Asker: 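Mind having a look at this structure? Questions to follow.
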Protein chains: 2
Amino acid sequence: MPELTPRKIKAKQTRKKILEAALSLFSEKSFDETTVDEIVKLSGTSKGAFYTHFKSKYEIFLEKFKEIDAFYLEFTHTLPKEASASEKLLHFSESQMVFLRDSWGKGLFRTLYTNASPSHNYFLDKDRVLFKIVKEFVHEGQEAGEFKRELSDEEITAIITRCMRGTLYDWCMSGDEFDLLMEIQKVMRALLEGLKK
Amino acid sequence: MPELTPRKIKAKQTRKKILEAALSLFSEKSFDETTVDEIVKLSGTSKGAFYTHFKSKYEIFLEKFKEIDAFYLEFTHTLPKEASASEKLLHFSESQMVFLRDSWGKGLFRTLYTNASPSHNYFLDKDRVLFKIVKEFVHEGQEAGEFKRELSDEEITAIITRCMRGTLYDWCMSGDEFDLLMEIQKVMRALLEGLKK
DNA sequence: TAAAACTACAGACTGCAGTCTGAGACTGTA
DNA sequence: TACAGTCTCAGACTGCAGTCTGTAGTTTTA
């Protein structure tokens with residue numbers, strides 16, 4: 001079905017070259033500091049090529065961000081089966097924050113937030129792995145009679161991920177005094193408490 | 001003490017002309033659609049004048065946003081004294097969201113979020129009226145034995161405003177299907193429940 | 001297999017926020 | 001009252017994301 005004509009193969013290679021050059025520059029400097037012209041130069045292509053393959057500079061950036069989901073997924077396997085749903089959720093959010101703080105950093109999140117748009121919003125994508133993971137825990141908690149049923153698992157998930165997002169926002173816009181781990185604990189504990197029966 | 005020499009008076013007038021022209025254009029079109037050149041032209045000044053009085057186009061935008069706090073303040077006077085702290089907080093957040101939705105709209109918030117930076121962040125300013133209002137209610141609730149005391153009033157306030165912010169974020173980045181009022185109710189109910197003794 | 005239609009790409013160009021230079025007017029000092 | 005220093009402002013300039021136009025080569029059609 002993909003119909004790989006020689007031309008399309010070459011196009012894919014071009015796309016890949018651009019992507020790799022961009023990611024390399026993003027990590028070497030930062031998103032804001034690397035220009036599209038540099039990406040184009042390093043990849044030996046052109047602006048025309050760049051914009052046929054990507055809608056914007058930000059779109060490339062998002063590409064990298066998808067890697068985060070891999071971590072999430074892997075992490076869930078390490079959680080003890082016997083823990084309660086709210087313990088799992090608390091644990092998960094803590095590990096998530098530590099991971100994001102140490103492996104990604106504020107700068108990336110600032111970029112993520114300040115370049116987001118309704119049509120291009122990584123956070124709000126309901127198909128995200130994060131969303132699915134949280135939803136599963138919530139569902140589990142409801143089945144076990146731990147959480148309320150007035151709200152659907154989907155609604156509760158929306159609430160939880162939203163408050164995580166708010167915390168992440170405050171963190172990446174704050175100075176060093178903001179302790180991401182402590183703050184997520186406070187928020188999650190209050191929230192989970194309120195969601196229990 | 002202000003030492004109003006003729007020169008400073010004229011400078012203030014220039015500043016005012018720029019501000020008024022900008023706000024007029026922002027409401028006529030939108031933030032993104034109005035250019036600094038237009039503002040400068042309409043106000044009969046120059047770029048040089050613009051950037052001596054304002055650090056950026058966004059800074060002018062924020063100027064307008066401060067009006068919101070006036071609404072907040074006024075609203076608190078309309079709340080029944082006898083209501084519980086959590087009722088007041090719930091009520092307040094609901095009215096706030098209705099107000100923001102109907103009088104301000106998504107567009108402005110999108111601008112607010114996507115142009116924010118650590119040094120220039122309206123939301124995170126702890127001196128904001130919003131912060132003070134919420135803190136007062138929280139404090140009241142703690143005094144009345146309604147809320148936990150494990151967290152300080154300041155900490156609880158941070159949590160609450162953060163989750164409001166997260167909800168606002170989701171709203172302004174979402175399509176029409178997002179019901180801001182319903183969503184804030186869900187979030188606030190869960191949160192307030194979890195903060196009670 | 002010739003012509004028509006399309007695709008991936010090159011790079012010049014546009015639009016806009018923000019910077020820089022310089023000048024004229026004002027202010028404070030002696 | 002002269003003159004050195006300092007503001008306010010004008011507008012030319014820079015830097016960069018994204019657009020537009022043209023084209024060579026490829027694919028499709030007849």
Side-chain angles (χ1 to χ4, degrees), chain A residues 1-23 25-26 28-63 110-112 114-117 119-120, chain B residues 1-23 25-26 28-63 110-112 114-117 119-120:
Chain A
M1 219 69 63
E3 275 287 1
L4 276 200
T5 61
R7 192 193 219 157
K8 289 197 172 159
I9 291 170
K10 197 158 171 270
K12 276 218 157 177
Q13 282 172 349
T14 304
R15 194 193 129 97
K16 201 179 158 209
K17 274 194 289 182
I18 292 172
L19 185 64
E20 280 167 1
L23 295 182
L25 287 169
F26 288 166
E28 190 186 310
K29 316 191 201 182
S30 74
F31 179 79
D32 288 332
E33 281 161 352
T34 89
T35 68
V36 173
D37 282 309
E38 281 174 313
I39 296 169
V40 152
K41 198 175 168 196
L42 180 61
S43 63
T45 62
S46 70
K47 276 231 169 121
F50 186 99
Y51 285 99
T52 51
H53 291 295
F54 302 96
K55 277 206 284 293
S56 66
K57 187 176 136 189
Y58 182 58
E59 194 178 273
I60 289 208
F61 177 79
L62 285 185
E63 202 82 9
R110 233 174 271 156
T111 304
L112 201 56
T114 56
N115 291 80
S117 69
S119 57
H120 231 123
Chain B
M1 224 63 66
E3 275 288 359
L4 276 199
T5 61
R7 193 194 219 157
K8 287 199 175 158
I9 290 170
K10 203 167 166 262
K12 274 217 159 178
Q13 280 172 350
T14 305
R15 193 194 130 95
K16 201 179 158 209
K17 275 195 287 181
I18 293 171
L19 185 64
E20 279 167 2
L23 294 183
L25 287 168
F26 288 167
E28 190 186 309
K29 317 188 198 183
S30 75
F31 179 80
D32 289 331
E33 280 161 352
T34 90
T35 68
V36 173
D37 282 309
E38 281 174 313
I39 297 170
V40 150
K41 198 177 168 195
L42 180 61
S43 64
T45 61
S46 70
K47 276 227 169 131
F50 186 99
Y51 284 99
T52 50
H53 291 293
F54 301 97
K55 277 208 284 294
S56 67
K57 185 176 136 191
Y58 181 58
E59 195 179 271
I60 290 209
F61 178 79
L62 285 185
E63 201 80 9
R110 233 174 272 155
T111 304
L112 201 56
T114 56
N115 290 81
S117 70
S119 56
H120 230 125

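Here the structure is a predicted model, which is why all the values come from computation and not from measurement.
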Asker: Any N or O donor-acceptor pair under 3.5 Å from the base of D:dG18 to the side chain of A:Lys57?
Answerer: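 Not at all, since no donor on one side and acceptor on the other fall under 3.5 Å apart.
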
Asker: Quick one: B:Phe54 CZ to D:dC9 P, roughly how many Å, whole number?
Answerer: 11 Å

Asker: I'd like to know if A:Arg7 reaches the base of C:dT7 with its side chain, counting only an N/O donor and acceptor under 3.5 Å.
Answerer: yes

Asker: Rounded to whole angstrom units, what separation is found between the OH atom of B:Tyr51 and the C1' atom of D:dG11?
Answerer: 14 Å

Asker: Between A:Tyr51 (side chain only) and A:Ser46 (backbone N and O only), is there a donor and an acceptor less than 3.5 Å apart?
Answerer: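 Judged by distance alone, no pair lies under 3.5 Å.
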
Asker: Nearest-Å distance, CG (A:Asp37) to P (D:dT14)?
Answerer: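 Distance, rounded to whole Å: 16 Å.
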
Asker: CD of A:Glu63 to CG of A:Leu23: how many Å apart, nearest 0.5 Å?
Answerer: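 A:Glu63 CD to A:Leu23 CG: 7.5 Å, rounded to 0.5 Å.
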
Asker: Taking atom C1' of C:dG11 as reference, at what distance in whole Å does atom CD1 of A:Ile39 sit?
Answerer: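 Answer to the nearest Å: 17 Å.
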
Asker: Find the distance B:Lys47:NZ to D:dG15:C1' and express it as a whole number of Å.
Answerer: 12 Å

Asker: Starting from P on D:dG18, measure out to CD on A:Glu59 and report it in whole angstrom.
Answerer: 11 Å

Asker: Take the protein atom NZ of A:Lys12 and the nucleotide atom P of C:dC9, then report the distance between them rounded to whole Å.
Answerer: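 So the two atoms are 13 Å apart, to the nearest Å.
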
Asker: Within the distance-only criterion (no hydrogens, no angle test), does the side chain of B:Lys57 pair as donor or acceptor with the backbone N or O of B:Phe31 below 3.5 angstrom?
Answerer: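 Yes; at least one donor-acceptor contact below 3.5 Å.
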
Asker: Measuring from the side chain of A:Thr5 (C-beta onward, heavy atoms only), which nucleotide among D:dA10, C:dC9, D:dT27 has the closest atom?
Answerer: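 Nearest to the side-chain atoms of A:Thr5, counting from C-beta on, is D:dT27.
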
Asker: 5'-most contact on DNA chain D: B:Thr45 or A:Phe31, nearest heavy atom basis?
Answerer: B:Thr45

Asker: Across the strands shown, which category fits A:Thr52 at heavy-atom distances under 4.0 angstrom: base, sugar-phosphate, nothing?
Answerer: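 Base contact - A:Thr52 has a heavy atom under 4.0 Å of at least one base atom.
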
Asker: For residues A:Glu33 and A:Glu38, report the shortest heavy-atom separation together with the two atoms involved.
Answerer: O-OE1, 3.6 Å

Asker: Nearest 0.5 Å, please: how far is NZ in A:Lys47 from CD1 in A:Ile39?
Answerer: 10.0 Å

Asker: How many Å lie between NZ on B:Lys29 and P on C:dC16, as a whole number?
Answerer: 9 Å

Asker: By nearest heavy atom, map A:Gly48 and A:Glu33 onto DNA chain D; which one lands nearer the 5' end?
Answerer: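 Nearer the 5' end of the strand: A:Glu33.
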
Asker: Taking the nucleotide of DNA chain C with the nearest heavy atom to each, does B:Pro6 or B:Ser56 sit closer to the 5' end?
Answerer: B:Ser56

Asker: When you check the phosphate oxygens OP1 and OP2 of C:dC16, does a side-chain N or O of B:Thr35 lie under 4.0 Å from one of them?
Answerer: no

Asker: Using only side-chain N and O atoms of B:Thr14, determine if any of them is under 4.0 Å from OP1 or OP2 of D:dT8.
Answerer: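 The answer is no; no side-chain N or O of B:Thr14 sits under 4.0 Å from OP1 or OP2.
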
